[in-house]
Amino acid sequence: MAGSSVAVAAGSAPSRRREDIAAAVQRHGALAVLVLLVVVFSFVFPSFGTVTNLTNILVDQSFLAIVALGMTFVIISGGIDLSVGSVFALGGVVAAWGSQHGLLVALGAPLLLCGAIGLLNGLLVARAGMAPFIVTLASLLGARGLLLALSNEGETTYRVPADGLFHDLGADLLGVNLSVWVAVVLYVVLGVVLTRTGFGQGVFAVGGSEDAASLMGLRVARIKISVYVLSGLLAGLAGALNAAWVYSGVTILGTGMELDAIAAVVIGGTLLVGGAGSVLGTAAGVLLLGVIQNLINQVGSLNSSIQAVVSGAFLIVVVVLQTLLSRTRRL
Amino acid sequence: MLPEDRKAEGIIPDLSVRDNIALAALPRLSRAGLVSDARIDELVATFIKRLSIKAASPHQKVRDLSGGNQQKVVLARWLCTEPKVLLLDEPTRGIDVGAKTEVQGLVADLARQGLAIVLISSEMEELVGGSSRIVVMHDGATVGELHGDQVTETGLTSALAHGGVGV
Amino acid sequence: MSALTLDRVRGGDWTRWLRDNGVYVAVVGLVLFNAVATSNFMTVDNFRTQLIQASPVVVVALGMALVIGTEGVDLSVGAVMALAAALVPLYLGYGLAGAVAVVLVGGLLAGLINGSLVAFVGVQPIVATLALFVGGRGLALVLADGQLKSVSDPTLINLGSGSLFGLPYIVLSAVVVSILVGFLVRRTTFGRQLVAVGGNRRASELSGLPVRRTLLATYVLCSLLAALAGLLATARLRASDPSSIGLLYELFAITAVVVGGTPLSGGKVRVLGTIAGALLMQLIDATLIKHNISDSWSQMAQAVIILAAVYVQLGRRGSGS
């Protein structure tokens, strides 16, 4: 008797358990893989697990991390921002130029400009109803053109004056570059915004279903515009910090960064179709990409192209998993 | 099979009446992958006439037609494939009265001509008027069956009541 | 006819005409502008150059049009072009035919990846093609060892610069592709089914159409055409440059298609419009170059023009629906 009732109870549980497992894998898969890789390869490559190496990874990835944070918001809202690479580079050049005129200009100008680009993206997507990938692809082109215009067709590289405050932004704080701390603070703050504020809930809602969101009374257009502005601002900030770090505004940086950002966000568990995701996941995704790149370097070839191939392959795997897992959830 | 939600699952709104009708039978109407316009036109004209589909021309976009005519287009699409069995899911829902009677008459004609028709409907008169056998289902299980003389409104109502289906 | 259709006729008549034919007007307008404002524009030489440069764009755009017709999109076309460019010098040892075969196989594989993800796994097209968008060019660079390689095979160079009866082989290829795609869309079962799938996938499924097969084939065709375009571009350039061939081509191709009147929501493929759209993109580029507009302003101008053109096509609210 006890046996049969247990059988009945067990009958209804498996499907729900499968759902939970699927959701858990999606949300924390990247973190798990990250930890696994770090632990395993610290033994395989002695030079990998050193504090110096790991800190280098953190610093190298800090700029991508900030960009990817903005991308996370955009993707959760159901959109995509392909212009962040160009905006990042633009931010760097403008910051380097601005640093000749003091800290305020050095930080203010890129934020203003990149935020404006984000605003333009957002307006075109939200109010003109144009497809995000077209809009942001076009602004990728336009931002790059602006970059060339501001740097004399790529000829001029502005140098950050060594005696200015901006220069100090590229210094270390507690052994690690300032940018890492900025990234951490931003992640914490925006993570809270995403999960605990009305705005954050709105972003999820819009990504899940625009129609439902507007029926719920949410200002869909405003939310959409905000996420693109945020993305632009963060990309600009990252670019400025990068310029402070390398002490100049390098014009060729950032090409393809949007792809790394998207890869990091998706690998971190955010659904590309929108409506679900987390800031923590993106952090894990960014670090994971950094670890992989570092490991590839440990093996020998210093090749960013291989990194791109691996990202692409990873992306396919993750995306397939996401689709299959979301199907078990629906059932 | 005629789906319940015509707009979402039935018509291809941007295509013409002609293209919608020819859709399912395309492989049959083509030779080596090449579409034969002549054969399509002929077939489409036949069915437009047979089902009295009211459209300005076969090239009119099907989304501009009334609900009843759209339904006839989807019906014509399937008839083009010369089926032996036709499955209709709420075929007269949301259609104006005139078209409704037309469609019901067409279905009856087809049945008389020997086509086996499975009709899913929630309208009593439609079921009783058109069927030779009714199976009543509730939550996936059969709760009653009516044959021949039993197919009357009273018979159906009692079958529903006995089967525990709220009327 | 219902009152709804009357409204549509009255209000949207000229905007719809503009949307359907605006691209032709733009092309003619731009040609006229150049005839007046640009020296040496109306020469046979120049026309030949313009057509040669436009050909790869036309080929890619036609493939993209097919995909967009199924309500999808293929972001990987530029990367596939780069892959094709990278493969050419590796296999020229087997002669031009060998290289072409390998390039086409590469395109086939790319298309199979994209198509399988969309058709069988059910991934959204943007997402599915994003993977190759991210990794494809990287793969091409790995294959090419990151180098630009000049190509000296005489047959290939002839393909890139030679002509048949005065018509350059490259342009001829684009013309042949155009005719084939036009034929495919209008007169084959596959073409009708493609358009139906884009128009209403559910209804197509329920009507017994081989939806998955159709989608797979569409993405394969698109990648094949992109690979072909990469081959043509390499032949013309006389060099394989995977880091720059096909750069931003996905943007140009999508714009060409949208501007040419094929809606992003699928269900309709306008072959002539797409060709005109591609020509327009080339003309804009050429006009900017011939007037010595610097790279920076040129890129910004292009971005603005693209946004404006797409905006006009979409009408006032979202995709035409």
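The chains referred to below are lettered A, B, ... by the order of the sequence lines, with proteins before strands, and numbering in each begins at 1. Because only heavy atoms are used, hydrogens play no part in the values below, and waters and symmetry mates are left out as well, while side chains stay in.
- Note on C:G208, C:A196, C:G191: by heavy-atom pairs under 4.5 Å with chain B, the leading option is C:A196.
- The contact between B:L23 and chain C is made by backbone and side chain atoms together, counting heavy-atom distances below 4.5 Å.
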Side-chain donor-acceptor pairs under 3.5 Å in residues 266-279 of chain C, sequence neighbours left out?
unit_1	atom_1	unit_2	atom_2	d
C:R270	NH1	C:D20	O	2.8
C:R270	NH1	C:G260	O	3.1
C:T274	OG1	C:R270	O	2.7

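- Counting heavy-atom neighbours within 6.0 Å of B:R18 CZ, excluding the residue itself, gives a total above 12.
- Contact of B:N20 with chain C is not made at all, since no heavy-atom distance falls under 4.5 Å.
- Residue-environment remark: CD (B:E42) stays at or below the threshold of 12 foreign heavy atoms within 6.0 Å.
- The shortest non-hydrogen separation linking C:G199 to B:P13 is O-CD, 4.0 Å.
- Interface remark: of the candidates B:L34, B:T81, B:L65, B:L34 forms the most heavy-atom pairs closer than 4.5 Å to chain C.
- The minimum heavy-atom distance linking C:T189 with B:P27 is given by the pair CG2-N, 4.2 Å.
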Between side-chain atoms of residues 113-125 of chain C and protein atoms elsewhere (two or more places apart, or another chain), which donor-acceptor pairs fall under 3.5 Å?
unit_1	atom_1	unit_2	atom_2	d
C:N114	ND2	C:S76	OG	3.1
C:S116	OG	C:L112	O	2.5

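- The distance from atom CD1 of B:I12 to atom CG of C:L209, rounded to the nearest 0.5 Å, is 7.5 Å.
- C:S207 approaches B:R77 most closely through the heavy-atom pair OG-NH1, 2.6 Å.
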